[in-house]
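In what follows, a single structure is set out as structure tokens and then discussed.
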Protein chains: 2
Amino acid sequence: MKEDLKLDTDAFLPLRDVVFNTLRDSILKGELEPGERLMEIHLANKLGVSRTPIREAIRMLEQEGLAVTIPRKGAQVAKMTEKDLQDVLEIRDALDELAVLNACKNMTEDYISQLRSSMVAFKNAADRGNVRDIVEADEQFHNVIYKAADNPKLMVIIQNLKEQMYRYRYEYVKDNANYAQILQEHAEIIAGLEKGDGEYVKEIMHAHLENQVEAVRDVIRGQEGSAK
Amino acid sequence: MKEDLKLDTDAFLPLRDVVFNTLRDSILKGELEPGERLMEIHLANKLGVSRTPIREAIRMLEQEGLAVTIPRKGAQVAKMTEKDLQDVLEIRDALDELAVLNACKNMTEDYISQLRSSMVAFKNAADRGNVRDIVEADEQFHNVIYKAADNPKLMVIIQNLKEQMYRYRYEYVKDNANYAQILQEHAEIIAGLEKGDGEYVKEIMHAHLENQVEAVRDVIRGQEGSAK
DNA sequence: TAATAAAGTATTGTATGGAATCGTTTTGTG
DNA sequence: CACAAAACGATTCCATACAATACTTTATTA
């Protein structure tokens, strides 16, 4: 385990939530590695709290799919095979189609301009070559669409699916040295949304995700080949 | 609250899991009503356990979307508006499309025969007019498809979505006095799966769900009209 | 020596007590 | 009487102690 987890004792949130957020972030960042055991006393000491909130946080991680627990043997960070990843991506594809179709129906001037500014942010970040900002801007773009889809449950599910492939979020922009294509696709999506052409926008979205799928797949392949 | 929740202390499962299952079932059956508070000591006494496993079970229900908790004010059974229901159905529609398309790719003789026997069970139940068995058989039919889709994560999500509309599961067969249509659609789905005609089977599936949507919608409308 | 039993340690599971917080009722004051 | 303040009760939240279980190491026996 990568030393010092620290609570960003943000708040007046219940400790369990703070612990939950902390552990989730650690898992997503890879500080807690897949397969690593989540031992209560250990974590409790590291975070300076008792076992109780740790246990509750673990129950939450469990339901989120980020941890797996075997009764009386404890929890560990969930592992993911390539098949798992592919399954997740498949679902995301289906749900992103739904999201963009709904977004298309609900499109407003305001959303369009939000999408445009996300594109600008993307372009700026790409010009500066700042991968972190690029990913951020891309997320923002898609989040506008999710919001426009006006289906909170859908948003939660997609968010959760994204979480499960969070580790690979940089890879697909890293590999796509030319961001031109992504930008192009974003532009096309906006155009489609403006025209209200669901079918068109749906197709673009599929193609758009397909790139990501490819990139992630390559990374995994590499990992599974090298790692034991 | 409808008196005596009882633990079906099935097992050597951790108490939290037994409690979780018990509470979930109670919520799904409507014994714990939407909006009803889930108070720790209260439940602990009723189930004859301490507060600890209750709390952990509540954290799990929370992540499942069956309970909502406000920090320091406790948890309550999640309420659902018509909009929520519609959102859920929309997602199910998208995911059932994915499931049936994948099932189509993976179809085998064995699955086909499982589907056929589910249909027979459905027909028998329908002839006897046993609503409970009808629903059971219908579930079985669709579960075969989910299994054939070979995507465990998809299955979990769909299962969760179904949970959220569990209360209404009887309504749509109750309303559809003529089960002939359902049977007809099931038959068409099987035919499509045998031919491996994804597009066709996809369309049937959408239509098939649409009936359910209508029935559920009617029920909700009635409720929201009457109830406060 | 190999296999098995026994003892000891580490870790999870459950119960319980005390502190903090939220609501409600009661009291006090203009 | 109206309204603020204070006291009380209920409930969540967290910590901790004890019990049960799983794992590891040591000891015992064939």
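Letters go in sequence order (proteins before strands), and every chain restarts at 1.
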Sugar-phosphate only, base, or nothing, as touched by B:Arg16 at under 4.0 Å among non-hydrogen atoms: sugar-phosphate
Donor-acceptor contact below 3.5 Å, side chain B:Asn160 vs main chain B:Glu64: yes
Atom pair distance, as rounded to whole Å: CG in B:Asn45 and P in D:dA10: 14 Å
Nucleotide nearest A:Ile41 (side chain, heavy atoms from C-beta), chosen from C:dG13, D:dT11, C:dT11: C:dT11
Rounded distance (Å) that lies between atom C1' of C:dT12 and atom CG of B:Leu15: 13 Å
From CD1 (B:Ile58) to CG (B:Leu23), nearest 0.5 Å: 7.0 Å
Consecutive Watson-Crick or G-U pairs in runs of at least 3, all under 3.5 Å, in which DNA chain C is involved: C:1-30 with D:1-30
B:Thr52 backbone acceptor or donor facing B:Arg55 side chain under 3.5 Å: no
B:Asn130 (side chain) donor-acceptor with B:Ala125 (main chain) under 3.5 angstrom: no
Separation of C:dA15 C1' from B:Glu56 CD (nearest whole Å): 12 Å
Over 12 foreign heavy atoms within 6.0 Å of CZ, A:Arg132: no
Side chain to side chain, B:Phe122 and B:Asp138, heavy atoms closer than 4.5 Å: yes
Spacing of B:Leu43 atom CG relative to D:dT11 atom P, expressed in whole Å: 11 Å
B:Arg72 CZ - D:dC13 C1' separation (whole Å): 7 Å
Residues B:Lys29, B:Asp25: salt bridge by 4.0 Å N-O rule: no
Closest listed nucleotide, where the reference is the side chain of A:Arg37 and the choices are C:dG13, C:dT11, D:dT12: C:dT11
Side-chain (B:Asn106) to main-chain (B:Ala148) donor-acceptor, under 3.5 angstrom: yes
Touch class at under 4.0 angstrom, heavy-atom based, for A:Leu38 against every strand present: sugar-phosphate
Aromatic plane relationship, B:His142 with B:His186 - under 30° parallel, 30 to 60° tilted, over 60° perpendicular: perpendicular
Spacing between B:Glu62 atom CD and D:dC13 atom P, to the nearest angstrom: 9 Å
Strictly under 3.5 Å: I want the nitrogen or oxygen pairs between protein and nucleotides 16-19 of chain D, one per line.
unit_1	atom_1	unit_2	atom_2	d
D:dT16	O4	A:Thr52	OG1	3.3

Candidate pair B:Glu62 and B:Arg59, rule salt bridge (charged side-chain N to carboxylate O under 4.0 Å, His left out), full reasoning: CA-CA 5 Å; B:Glu62 204 178 323; B:Arg59 295 290 92 77; 2.8 Å; yes
Between C:dT9 (P) and A:Met39 (CE): distance, integer Å: 18 Å
Criterion side chain to side chain donor-acceptor pair (under 3.5 Å) on A:Asp96 and A:Tyr146, from CA distance to verdict: CA-CA 8 Å; A:Asp96 263 81; A:Tyr146 300 142; 2.9 Å; yes
Side-chain ion pair, A:Glu163 and A:Arg24, N-O less than 4.0 Å: yes
What pairs of nitrogen or oxygen atoms, one from the protein and one from nucleotides 23-25 of chain D, lie under 3.5 Å apart?
unit_1	atom_1	unit_2	atom_2	d
D:dC23	OP1	A:Lys73	NZ	3.1

Atom-pair distance (CZ on A:Arg55; P on C:dT14), nearest Å: 7 Å
